[in-house]
Every structure is written in C-alpha cells, then in structure tokens.
Number of protein chains: 2
Amino acid sequence: MSTMLEVAQKAGVSKATVSRVLSGKGYVSEATKDQVYKAIEEAGYRPNLLARNLATNKSECIGLVVTNTLYNGSYFSEILSQAAKKLEDNGRQLILVDGKHSAQEEREAIQFLLDLRCDAVIIYPRFLTIDEMDEIIDQHKQPIMVVNRKLRKHQSHCICCDHKGSSFLATKYLIERGHNDIAFITGALDSPTAIERLAGYKDALNQYHIGVNEALIVQGKWTPDSGVSAVEALLARQQKVSAILASNDEMAVGAMKKLSDMGISVPHEISLLGFDNIPTAPYLTPALSSIKDPVSDMISEVISRLISMLDGGYLSRDNIFTSQLLERNSVSDGPFKS
Amino acid sequence: MSTMLEVAQKAGVSKATVSRVLSGKGYVSEATKDQVYKAIEEAGYRPNLLARNLATNKSECIGLVVTNTLYNGSYFSEILSQAAKKLEDNGRQLILVDGKHSAQEEREAIQFLLDLRCDAVIIYPRFLTIDEMDEIIDQHKQPIMVVNRKLRKHQSHCICCDHKGSSFLATKYLIERGHNDIAFITGALDSPTAIERLAGYKDALNQYHIGVNEALIVQGKWTPDSGVSAVEALLARQQKVSAILASNDEMAVGAMKKLSDMGISVPHEISLLGFDNIPTAPYLTPALSSIKDPVSDMISEVISRLISMLDGGYLSRDNIFTSQLLERNSVSDGPFKS
DNA sequence: TTGTACGCGTTATCAT
DNA sequence: ATGATAACGCGTACAA
C-alpha cells in the first residue's frame, strides 16, 4: 500500500501537489501533473479513503439499513436494485448494512453508518418506533430518511404510501364484482403495514354495508407457508368464502397452492388478491399483479430527494407520496371471474 | 460530534486513558474507568470509525460485491440473509456494494471495499475473469474470496460447486423416468454457470446414448419472461417434447406459465425441472424444488472459511465444496408423472 | 496506573 | 505554481 508521500517523492514534488492533482482543486502545471500521474502509475498508488474521509468528513456514499428478516422478502432485491441504480447515476456508492432483529440493533446499524461518515442514511425500519426515529434524526446532522413510516416531527424525512387505501381499493374491487364473503389474510400484526391493510379491508366492508365477519380474518406471517396455513384455518372454520385477499403476494402464492391442492381452480371458483407484485407471482394468476408494489417506488423517491438535498440546497418537501400511489394502485380489470 | 479529547477533558484524564477504557487494552483503575464512562455518557460520545480504522488499519467488517444485475434473482435475498446471519454471530458487519455491470466496475467495487479497509472481501463475480481475479488476489494483502468460480492459482480463495454435475443428475433423473425428448432452456450464455449446466445436460444424454438434438436446446436469459419465450421458440420448432429442464427456477416458472396458458398441465403431460429453489417456486410444482440452490451454501461456506482465516491462523483449505453439493443435489422423487 | 508524543494518510490553509 | 505545516480523531509505544 503505497502512500501519497511515496508518490510525491517519486515525482519529486510535495504531498500537497499530489493532492491537488488528484482533487483537481488548485493550480498545477501540466508538466508536474504528468510527472505525478506517472509516479502514481508506477507506485500503483490508491488513495486511502479512510484518511480522505477523515480529513473531509464526507464519504460520497450513502447507507441503507434493512432488517435482515426482510431479506427474505422477494421484493427486497427489487429495493436494492432500484437504489443501487439510482445512486450509480449520481456517482455515489450505496452500502447496505443489516438491521438484524431488534430496535437496538437497527439503531446500531444506523450509528455504524454514521460512524463511517456516510453522507446520509436511509432506513427501512421494522422495529424502531416513530418517536425513536424522530429523536434519532434530531440527534444527527446527516440526513436520515425513513421509508414506509409516517414520522410525527420530521415529515420531510420520511416517505410512505397509503397501504390502507390500497387495501380498501382491492376490497372494493372484489365487492364490486359481487363478492360478499371475502376472507382476509393479514401479515404479521407487529407490522404497521399489516395493520393498515387490515383496516382498509374493514373500512371497505363497512362502507358497503357488508359488515366485518371476524371468522373470515385469519392471521398470516407474510410467508408462503403461512398462506397455506391460513387457508387451512379458514376451511376449518366452515365459513362460506368466495374471495380471499392476502396481505402480500407470498401469502397469496401459498394460499393458491393450498387451494389448488384441493382441486379448487383459483381464477374460476374463487378470487385471490395479493399486493407487492413480486417477480414470479404474475405467472400464477393475473389477479395477483393488479396491485403494484409500492416499496421500490418509495426507495426510488427517497433517493431522489436525498440527492437534491445533498447536491443542491436543502429543500425540504413534505412527504406527499400517498396520493400518487393511491392513484397508481387502482386495480386493473384482468381476466377475473367471480 | 464530540471527540475523544473532549471526553478526556470532561473526565479529567488524558486521551490515552479514554482509549484504554474503550478498547479494554491496558490497565486502568476502576475509579477513573467510571469517570470516563460518565463523561462518555454526558458527551454523547461516539468513536469515529474512520479515525480508528485509519490508526489500526482494521475495520471489523467484511465486504461483499455482487453485480446489480444479480439483485433481481430471487435467490439473492437468500445470499444476503445467510451472509448477514453468519457474520452477525461472529461480531462483524457485512457491507454490500454494487458490482454494477462490467468487469471494470466489479474491480472498482472491490477496490472501494479495500480502500475502506474491510478485513476481507467476498466477490460473487459476473464479469471478471478467473485470471483477473487471481491477479487481484495477488496484489492485495487482505483475503479476497471468490464465490462460484474456480480459480487457477488461488484455489483456497475460491469456492464453487458442480453445476455440471447437478445438471447431469437432473437430466439423468428425467431419462430414468423414461423421457427421451428432453428440452433444455439455457441461461444467458455469457455465464459460466449456464455453460456448465448445458454441458451436464449434454453429457447425460450422451452417456445414455440418446444423443443431443440441438433443436431441443433453446437459449434463455435467466428471467421468467425468457422462459416463456423459450417455450414459444420450442413449439415453433415442432419438436416432440416430453420434458423440459430449465437452467434456473425463474425460467421454469415462466415456462410453466406458458404451458399452462396453453392448457398443458405440467405435472402430468410434461415434466419440468429448474434449479435454485427460490422461495415461491416450490408452490408451483414439487419438481421445481428437487434441486437445491447451491449459491447460499457457497456463501455460507466461504464466510466460515474467512472467519477462521481472520480469527484463527491462516489455514488454507483447498476448495472442496463440489463433492458435498453433488451429494445434496441428488433429486428427490416427488409426485412426478411422465 | 496514567500521561506524552508520535504516526496513520489525507485535505486545506497558509506562505513563498 | 508549489511547499511547509497544521488539522482530522484515534491507537500505542514509551516514559513517568
């Protein structure tokens, strides 16, 4: 690992000059510039980012915290893909660290990124509460953006979408197609998203004067397997069911698997809806792709915002993604039979 | 951002003492220890990792480079999940950076990680050649481990598995069930993995004296959509087909979608196999889950090795994962009908 | 047991 | 246009 000093000596100049050549800041003659470049080449020199970042207190990279329980989600790769691509265009590096599985560890992950002097950090939280995050944002100078949670205090530091509204629309869609007995598979209920989607379902039923039948609501855990179990539980309850709305695609896939094992052809005898739009799900039934995954859109938006904060001035929009997503989430018709 | 110096002053001691308290190295009396901790608390002090790493030339974290074209793969989340969990137990941080989409950029990603002084870096390469990687490993002191590629020179720095063998077994499985007209959907042929799987297919056919019919081989691109296209291409060729082997699950899913659109029930009229074992695929047909994804196993193994290199001495096993995987890849029976 | 002083590799502010 | 030199925040011999 050769240092700047070695390069300087090889080139017969001072450290300062080498630094100028590398940064492009300050005047330096073409002649010495060439010498320096040659010396860099010869020495196989690489700037030490730690030293540079220590001196400048910047790092040209932004951090992302995701709890590793979410790594399993099929849409997770989509998130990363989005984020990396967007940042790439901006010349910054995305670095991902694991939020593990507790509020404390999510906190530490954020700290780790900040301790590395990331220019900003994005968190897709799972355990931290809104108030905790508001507090964390207060305590740090670097921008900290929160995805999929509506903060109380720092509204411009978060971005979220209307899960309740989407769920409402999905339910409404089924109702309008003549379904009165719509079962609902929830996500894990420690998740705000799960709760909101459940609320949207209930709202729609109430609004159409159908009424909520608790026996039609079964608790899932976001996984395909829990979708299978959910259908089993549903059957055990002996309820009449003409449609099932699952809180995400993976559970919908599991549910469909179970139904199909029992000889029930999904697109015909029963309607089945999921959210998210994971890569392989569209091939299961067109109905599944009718609602787009909002998460990657949120990531995309948050990065745009971050970039303009870091590069441009400090404009602080309020979070407004809700209405746009609601619009997009309108359910398409598709070859649906009830 | 308070510094160590501030803490020292608050506690009425020197920087060195604070440093000792934090690191646990060297003697320090309980009394001053308490004072220091109190001062740390009051100041809300956080060690600056850049400074620390710069001074020690270590970082307690290891880097992972994955080309973002692979982010889309459904098994990608599995890789991360594995890696993060394993490292978590070891008290290290995993940081992921994007290898983007060229050899040059993969190179830069590795450099970035090294420049950050990661203790080691793992690369799941897509564009770098074996020789280039051997050279990179030569040039750096930090361990650089390569996944899914067999290096020429640094055999102990890579880990791979026998894609050809797996493919051979899968093909053999179909042959033994009476199939003589087995179509094969390749992956993108710029991928060594794709080529090896194709080779395994051909070997099996030859070994059983069935002979390779080029008209039954159709080129895919790893995606579900390309699986659909592949089946379409196959049909256009008017060949007799009783089974299809796809080079990964996503293409298998696409293929099944197409077949099912045409009214062909997959488990009955035709056999369909994929690799990988992605989360939602098992629900499509049991056949798809018959061959396990080797990638996350490789990652897991490489991390184990890395940990013993970093923590323990420098034992250098040769890469030997092949045989184990071959064993595991044996195809299960499942409700398969030909 | 604690403090001093120097080094880690850069950047940045002065002079020159 | 270029060169000293002081930060940046921390670790660590060495001395006390």
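Worth knowing before you read on, the calculation uses all heavy atoms, side chains too, and leaves out hydrogens, waters and symmetry mates. In what follows, chains are A, B, ... by sequence order, proteins preceding strands, each numbered from 1.
- T32(A) comes within 4.0 angstrom of the backbone, heavy atoms only, and of no base.
- Rounded to an integer number of Å, the gap from CG of L54(B) to C1' of dC6(C) is 14 Å.
- In this model, the phosphate group of dG9(C) is not approached by any side-chain N or O of T3(A) to a distance below 4.0 Å at OP1 or OP2.
- Looking only at side-chain heavy atoms (C-beta outward), D115(A) and N48(B) stay at 4.5 Å or farther from each other.
- Atom CD1 of I40(A) and atom P of dT10(C) are 10 Å apart (whole Å).
- Side chains of L306(B) and M309(B) form a contact here, defined as non-hydrogen atoms less than 4.5 Å apart.
- When each of V28(B) and A55(A) is assigned the nucleotide of DNA chain C bearing its nearest heavy atom, the one mapping closer to the 5' terminus is V28(B).
- To the nearest angstrom, P of dT10(C) lies 21 Å from CZ of R52(B).
- A donor atom on one side chain and an acceptor atom on the other are not found under 3.5 Å apart for H157(A) and D134(A).
- Counting non-hydrogen atoms under 4.0 angstrom, T17(A) reaches the backbone sugars and phosphates but no base.
- Side chains of S59(B) and D119(B) form a contact here, defined as non-hydrogen atoms less than 4.5 Å apart.
- Atom CD of E41(B) has 12 or fewer heavy atoms from other residues, nucleotides or ligands within 6.0 Å.
- One can place NZ of K15(B) at 13 Å from P of dA7(D), the figure rounded to the nearest angstrom.
- When the side-chain nitrogen and oxygen atoms of S29(A) are compared with OP1 and OP2 of dT2(D), one or more of them lie within a distance under 4.0 Å.
- Rounding to whole angstrom units, CG of residue N48(B) and P of dG11(D) are separated by 10 Å.
- Nucleotides of DNA chain D nearest to A16(A) and L50(B) differ in position, and the one nearer the 5' end is that of A16(A).
- Contact annotation for R46(A): backbone-only contact, meaning every heavy-atom pair under 4.0 Å involves sugar-phosphate atoms and none involves a base.
- Side-chain contact of Q155(B) with K150(B): a donor-acceptor pair under 3.5 Å is present, judged by distance alone.
- Side chain of T56(B), nearest nucleotide from dT2(C), dG9(D), dG11(D): dG11(D).
- Side-chain N/O atoms of Y45(B) include one lying less than 4.0 angstrom from OP1 or OP2 on dC10(D).
- To the nearest angstrom, P of dC8(C) lies 16 Å from NZ of K58(B).
- Taking 3.5 Å as the limit, the base of dG3(D) and the side chain of R20(A) contain a donor-acceptor pair of atoms between them.
- Taking atom CG of residue L5(A) and atom P of nucleotide dG3(D), one finds them 12 Å apart after rounding to whole Å.
- The CG-P distance, from N53(A) to dG9(D), rounds to 13 Å in whole Å.
- Nearest-nucleotide mapping onto DNA chain C: of A31(B) and R117(B), the residue sitting toward the 5' end is A31(B).
- Among the protein residues, V13(A) comes within range of the sugar-phosphate backbone only, with heavy atoms under 4.0 Å from sugar or phosphate atoms but none that close to a base.
- The side chain of S19(B) contributes an N or O atom lying less than 4.0 Å from OP1 or OP2 of dG11(D).
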